[in-house]
Number of protein chains: 2
Amino acid sequence: MKCVSEKSEDKIREAAKRVFLKKGFDGTTSRDIAKEADMNIALTNYYFRSKEKLFMEIFKDLMEMYFQSIILILNKPIDIKTKISEVVENNYQMMKQEPDLVIFIMNEIHKEPERLLVKTALYHQLKSTLFNQQLDEGIETGKLRPIRIESILPLMTSCIEFLFLGKEMHQKIFNMSDEEFEAFSESHKDHVKAMICNYLILED
Amino acid sequence: MKCVSEKSEDKIREAAKRVFLKKGFDGTTSRDIAKEADMNIALTNYYFRSKEKLFMEIFKDLMEMYFQSIILILNKPIDIKTKISEVVENNYQMMKQEPDLVIFIMNEIHKEPERLLVKTALYHQLKSTLFNQQLDEGIETGKLRPIRIESILPLMTSCIEFLFLGKEMHQKIFNMSDEEFEAFSESHKDHVKAMICNYLILED
DNA sequence: GAATATTTTAAACGATTGTTTAAAATATTC
DNA sequence: GAATATTTTAAACAATCGTTTAAAATATTC
């Protein structure tokens, strides 16, 4: 009977997520996962049919998590300046919580672009957000600088994500402890918010 | 006699660089390298003592290339606005020429942070650039926004590098061909230049 | 509680990994 | 041009990879 402990399938899934995030698909072995989950190695193929299948299940979840929250904010009924701040803030919190997420996603897509089967829905989903509408309107009335959504979206995420993507590098180069990095990234985040708003918004 | 063809050692090194950049350390096998170089597999260990040694030699070169050019620009005797433009432009050209470079470096450091043995010299090297001097002076005289070099440096690189880091992702999401991506990244680059200057420089 | 279904186990599968060997081929030396 | 040194080769090494097997342990059904 398994009342207290979680089901084996979930235990493996969670363990696999931790290991994949840390070491990537190529760097992770089935035995790594079994060891992290403290289970017999045969069980990874008993519950999931293969390492690849297990990976794809986790990868899809993480991609969802990565895009879902930002789209939610882009559709909020708030002014564009607040919205930009919220997107950056959300991005920062996500990176703080899961610093390995972006390097993991980027790397796996880079090595196997077919993995990004995200239905083209994502494009239309982004294009049809309230944010995009606000952007068009602001540009029309001269309140916002003419800039495509393809440019403004990466701007809102790249500065923060890049910091965490190269967390180890930045810490080593600038000789920062974990605490110092956190303080630094916090102040960096505020610069990013202000910088993007300054550039995009032509009059208040 | 080897008059025309390059020496075997260099042939292997160049082949290994191509494969490592594309597939990373974990994803690359010794046989991949041998095949790319069109040489017997035993030669990779004959010239370089192991896959790891061969990798580290290439990795060090690429890291040098990655940092060297930016430091050169940071020390140029030009005004800070032109300098920012040049750093971004240089970064953009480097990414265009070798789109796999940043994801490769970030990923390998992420998986094995000890690989970044870059002497702490790099920190002092960055801190003692003319750019840093100009930054301090500009802040002192109120011409520049108070911002640490630790923040302004990543700002100048992250926006461009992130675009290429997630090249496959951005192309798929926004449904861009290679040509469209090039045009897009070019315009994005100009936005980045203007945005950073706008934010940093308080009066002209 | 015997019969059935499900889960877990240890052990092994063939394939591939990085690396080494020892002989063959080629280049260099004197 | 024989002797020596260097480079290249095919073959094999033990270790590890993802995966499978068939039996043991446990849970469920009636």
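All values below were derived from every heavy atom in this structure, side-chain atoms included, with hydrogens, water molecules and symmetry-related copies excluded. In what follows, chains carry the letters A, B, and so on, assigned in the order in which the sequence lines appear, proteins first and then strands, with residues in each chain numbered from 1.
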Give every donor-acceptor pair under 3.5 Å between a side-chain atom in residues 193-200 of chain A and any protein atom, sequence neighbours left out.
{"unit_1": "K193(A)", "atom_1": "NZ", "unit_2": "E89(A)", "atom_2": "OE1", "d": "2.6"}
{"unit_1": "Y199(A)", "atom_1": "OH", "unit_2": "H191(B)", "atom_2": "ND1", "d": "2.8"}

For this session: Dump the intermediate steps for side chain to side chain contact (heavy atoms under 4.5 Å, CB included) on E180(B) and F174(B), then the final yes or no.
Result: CA-CA 10 Å; E180(B) 285 170 323; F174(B) 294 120; over 6 Å; no

For this session: Check ring pair (Phe, Tyr, Trp, His ring centres under 6.0 Å) between F184(B) and all other residues, then give those that pass, not counting sequence neighbours.
Result: H188(B)

Please tabulate, one pair per line, all N/O donor-acceptor pairs under 3.5 Å involving side-chain atoms of residues 17-26 of chain A, not counting sequence neighbours.
{"unit_1": "R18(A)", "atom_1": "NE", "unit_2": "E36(A)", "atom_2": "OE2", "d": "2.6"}
{"unit_1": "R18(A)", "atom_1": "NH2", "unit_2": "E36(A)", "atom_2": "OE2", "d": "3.2"}
{"unit_1": "K22(A)", "atom_1": "NZ", "unit_2": "D100(A)", "atom_2": "OD2", "d": "2.9"}
{"unit_1": "K23(A)", "atom_1": "NZ", "unit_2": "D32(A)", "atom_2": "OD2", "d": "3.3"}
{"unit_1": "D26(A)", "atom_1": "OD2", "unit_2": "K111(A)", "atom_2": "NZ", "d": "3.1"}

Problem set entry | Protein-nucleotide distance (K23(B), atom NZ; dT16(C), atom P), rounded to Å | 13 Å

Exercise. Is the F164(A)-F181(A) ring centre distance short of 6.0 angstrom?
Worked result: yes

Exercise. Contact class for F48(A) vs. all strands (heavy atom < 4.0 Å): base, sugar-phosphate, or nothing?
Worked result: nothing

For this session: Check ring pair (Phe, Tyr, Trp, His ring centres under 6.0 Å) between H110(B) and all other residues, then give those that pass, not counting sequence neighbours.
Result: none

Exercise. Using a cut-off of 4.0 Å on non-hydrogen atoms, how would the nucleic acid contact of F55(B) be classed: base, sugar-phosphate, or nothing?
Worked result: nothing

Problem set entry | Euclidean distance, atom CG of residue D38(B) to atom P of dT8(D) [Å, nearest integer] | 12 Å

Seminar exercise, completed: A correct 5'-to-3' footprint of nucleotides 11-23 of chain D, with B, S and - meaning base, sugar-phosphate only and no protein heavy atom under 4.0 Å, is -B----BBBBB--

For this session: Both distances under 3.5 Å, Watson-Crick or G-U wobble: on that basis, could you give the dot-bracket string for DNA chain D, with [ ] for crossing pairs and | for other-strand partners?
Result: ||||||||||||||||||||||||||||||

Problem set entry | Spacing between L43(A) atom CG and dA11(C) atom P, to the nearest angstrom | 16 Å

For this session: Round to the nearest Å and state the distance from K7(B) atom NZ to dT8(D) atom C1'.
Result: 16 Å

Exercise. Between Y92(A) and K189(A), is there a cation-pi geometry (under 6.0 Å to ring centre, at most 45° from the normal)?
Worked result: yes

For this session: Would you please say whether a donor-acceptor pair under 3.5 Å links the side chains of D79(B) and Q134(B)?
Result: no

Problem set entry | Interatomic distance where CD belongs to E9(B) and P belongs to dA27(C) [whole Å] | 18 Å

